[in-house]
Amino acid sequence: MSYIDIKNLKRVYQMSKEISVEALRGVNFDIKEGEFVSVVGSSGSGKSTLLNILGGLDREYTGHVLIDGTDIKKYNPNFYRRHIVGTVFQQFYLIPSLSVEENILLPMKFTGSKDIDVSKRLEYLLDMVDLKDRRKHLPKELSGGQAQRVAIARALIDAPKIVLADEPTGNLDSKTGEAILTLLKELNRTEGVTVILVTHDKNISKKTDRVITLVDGKNV
Amino acid sequence: MFKYAISLILRRKLRTMLTSLGIMIAVMLMTFILFGMTDLQRAVLTQFSSVFKPTDLYVSSQDLMFGGMLSAPTKQKEEKKEPVIVNETVKRKIETLDGVESVDSMFLLNGLEIYLEGDSIPYPTQIVQAMSIPGDDPTFISFDGENPILEENGIFVSDFVVSFFETTNDEIVGKKLIAKSVSSSFMSAANKNMIDKEYEFFVQGVVETANKPFWISTDKALNILVDMGGFESTDEYIEKIGYSQLLVHTKDGKTTEVESIMTEDMGLSVMSTKTVVDFISTLTAGLTISLVVFGAISALVASIGIINTMIMSIYEQTREIGIIKAIGASDIQVLVIFLIQSGLIGLIGGVLGLGITYAMMQIADPFIVEVLKEQGFGAIDKFFYFQLGNALIITFSSILVGVIAGIYPAMKAARLDPVKALRYE
């Protein structure tokens with residue numbers, strides 16, 4: 001049974017009265033719970049648009065995105081972004097004035113936790129991403145790989161069901177990128193979290209359970 | 001969230017400080033106005049209370065609050081107000097009122113120049129007060145002389161008269177003072193051959209007081225007034241002109257009742273502690289309100305600075321707003337984060353302004369007290385006091401100014417589209 005069900009998903013950007021761009025032109029696929037899926041496609045294929053919709057950042061689409069049978073438009077967008085999904089960005093997007101552990105805990109400042117022991121969860125994640133000795137460091141004191149590991153821990157702090165990773169290895173060298181992918185796979189295995197990884201790197205996508213390819217706004 | 005908002009503020013310390021400076025200046029102005037006016041009111045009342053007892057009432061035929069003590073009755077005023085002559089009949093009637101303990105009569109002589117023996121420069125035209133009170137009475141803060149009871153030709157001079165003649169208490173006591181009438185306005189109702197009269201006194205003691213510069217006995221004062229006015233007798237003077245003032249000592253709890261009878265039933269003008277307090281309160285409240293308007297204008301200017309700073313921050317933090325929205329911050333939470341920031345700018349300005357102004361007040365305090373003492377405010381030991389109520393009002397107001405100024409930028413931040421914000425370069 002599918003956990004994420006995407007039906008006829010379309011997204012049109014109205015650039016001006018006359019000009020519109022169809023970023024997604026009827027995407028259809030489903031993902032099982034706990035699956036590790038990669039979405040690949042060239043630049044402009046609609047990968048980021050799809051991720052923004054799945055991340056609850058963009059609601060101006062037509063079609064349906066069902067998570068465990070519930071249309072995500074039925075969720076309060078903030079609740080959805082807090083509790084259902086966790087997002088990892090290519091540029092890490094850490095808050096420069098906050099330490100590693102403050103960055104990881106930041107989502108908890110905006111949300112009540114889902115009955116989880118936050119400090120235990122923090123220790124567990126710091127251990128998983130191997131940053132226990134860097135917990136008080138600021139982002140500027142971290143390497144790219146370490147910063148991305150912080151971003152992954154932040155995405156997982158509230159134990160979401162889905163992790164969306166937008167080119168998580170894009171800003172890293174191949175060795176570090178490999179390590180990040182291994183970490184995501186490990187979390188997918190241990191946490192049972194569903195991972196959707198957007199990448200243009202075929203070597204990365206090969207290591208996921210399934211590859212969904214987007215071409216000109218449609219999956220093929 | 002609060003910690004995160006503080007971290008945003010700390011990230012741009014210089015700009016925060018410069019923006020807070022605007023609020024700080026407004027707060028300094030407000031603090032000077034609110035603290036200064038309250039302290040001024042307190043100083044006047046302290047001084048007044050040190051001289052006048054709350055149960056004492058000063059009675060006159062004319063308004064004592066607006067120059068009644070400083071001018072003699074005139075025909076013009078008589079036509080306007082038709083004042084009651086405070087003669088012996090009126091005095092006796094007051095003495096029989098329920099709640100009155102005793103009544104002292106007082107005379108005021110003005111339009112005089114007072115010369116000190118051996119000095120050619122006179123003390124400027126001033127009032128000579130005549131009242132049957134000894135030099136060691138609590139009316140005076142201190143008395144320096146041998147005999148505190150005024151003799152026929154004795155005169156008490158205040159400490160600021162001693163300063164004027166550039167002498168000392170020891171030197172002035174025993175010296176001669178000559179009072180010369182110089183003004184035709186002097187007792188105009190009794191204006192008969194009053195110019196070029198001279199009266200000789202000897203300085204019997206020096207009193208420290210905020211009140212009048214010269215004090216003589218009532219008998220002597222009455223004789224001078226009769227002589228200057230060309231009256232046949234003291235009885236004729238009192239009947240036609242009356243006492244300058246009566247000091248009515250009332251029983252505790254009866255003061256208001258007696259005051260009411262004298263003003264409403266007898267048509268007299270009465271000055272009590274309450275009327276002075278009311279008058280000073282009205283005066284300082286009026287001044288405070290008009291000055292607060294200036295403070296408010298300066299706060300408005302400061303708030304424009306906050307709006308500018310906050311909008312700049314939004315442009316700088318656009319991507320960060322996108323990040324926190326992407327990880328779950330709601331529009332309201334983003335709004336609150338920015339309101340906390342603008343409120344903190346207000347708070348920093350408020351606390352700095354309050355602290356600096358209070359420190360300046362403490363430094364200036366001894367000098368102000370010295371000046372006030374020279375002006376006769378002998379009962380004042382400290383002028384500026386810390387006023388917790390006003391300090392809290394000022395601090396709260398500065399936070400409020402910050403928060404209000406932050407509403408527009410905060411709403412702008414809250415409405416940012418997270419996708420666009422994340423793409424912002």
Side-chain angles (χ1 to χ4, degrees), chain A residues 11 13 23 48-61 75-99 102-114 138-140 150-151 153-158 160 163-164 166, chain B residues 1-17 19 309-310 312-345 348 410-411 413-425:
Chain A
R11 175 66 165 103
Y13 291 104
S48 294
T49 304
L50 176 66
L51 212 66
N52 285 337
I53 292 169
L54 284 171
L57 299 173
D58 186 352
R59 290 161 76 91
E60 304 292 311
Y61 60 85
Y75 288 110
N76 172 298
N78 300 313
F79 176 86
Y80 178 79
R81 293 199 291 258
R82 284 175 198 171
H83 299 297
I84 308 294
V85 293
T87 309
V88 180
F89 301 96
Q90 183 179 356
Q91 293 93 336
F92 324 135
Y93 288 152
L94 300 181
I95 305 294
S97 56
L98 301 182
S99 68
E102 284 168 341
N103 263 291
I104 295 171
L105 289 171
L106 191 60
M108 309 307 285
K109 308 289 177 197
F110 305 119
T111 166
S113 67
K114 293 187 298 189
L138 291 172
K140 66 181 177 189
V150 175
R154 183 180 65 187
L156 287 162
I157 187 70
D158 205 18
V163 168
L164 305 171
D166 184 8
Chain B
M1 221 151 54
F2 193 77
K3 195 180 170 190
Y4 175 57
I6 290 175
S7 80
L8 292 176
I9 284 272
L10 292 176
R11 220 185 285 168
R12 29 172 229 279
K13 293 184 193 80
L14 183 63
R15 198 191 304 159
T16 303
M17 286 308 293
T19 313
T309 298
M310 296 307 295
M312 290 277 289
S313 299
I314 290 166
Y315 287 126
E316 283 174 5
Q317 295 166 24
T318 299
R319 185 178 278 189
E320 200 163 316
I321 295 166
I323 296 169
I324 60 171
K325 281 193 155 190
I327 62 172
S330 65
D331 291 358
I332 297 286
Q333 285 169 326
V334 173
L335 184 99
V336 170
I337 286 168
F338 276 82
L339 288 182
I340 290 172
Q341 288 185 65
S342 57
L344 278 172
I345 291 174
I348 293 167
M411 283 172 72
R415 285 179 189 153
L416 278 177
D417 177 349
V419 176
K420 285 180 186 161
L422 282 169
R423 284 193 195 134
Y424 186 82
E425 292 294 337

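To find a chain, count down the sequence lines: A is the first, B the second, and so on, and within it residues start at 1. Model, not experiment: these values are computed from the prediction.
Taken from CD1 in A:I95 to CD in B:Q317, the straight-line distance is 9.0 Å, to the nearest 0.5 Å.
Interface with chain A: from residues 320-327 of chain B, residues B:E320, B:I323, B:I324, B:K325, B:A326, B:I327 qualify, criterion being any non-hydrogen pair under 4.5 Å. Of residues 333-344 of chain B, those residues lying under 4.5 Å from chain A by any heavy-atom pair are B:Q333, B:I337.
Proximity to chain B (any heavy atom under 4.5 Å) is restricted, for A:F89, to the side chain, taken from C-beta onward. For A:L57, the parts sitting under 4.5 Å from any heavy atom of chain B are the backbone and the side chain alike.
The heavy-atom pair separating A:N78 from B:S330 by the smallest distance is ND2-CB, 3.2 Å. Between A:R81 and B:P418, the shortest heavy-atom distance links the atoms NH1-CG, 4.4 Å.
Counting heavy atoms of neighbouring residues, nucleotides and ligands inside a 6.0 Å radius, atom CZ of B:R415 does not exceed 12 of them.
Chain B forms the most heavy-atom pairs under 4.5 Å with one residue out of A:T87, A:L106, A:L94, and that residue is A:L106. The candidate from A:G55, A:A155, A:P107 with the greatest count of non-hydrogen atom pairs under 4.5 Å with chain B is A:P107. The most heavy-atom pairs under 4.5 Å with chain B, out of A:I157, A:L98, A:N76, come from A:L98.
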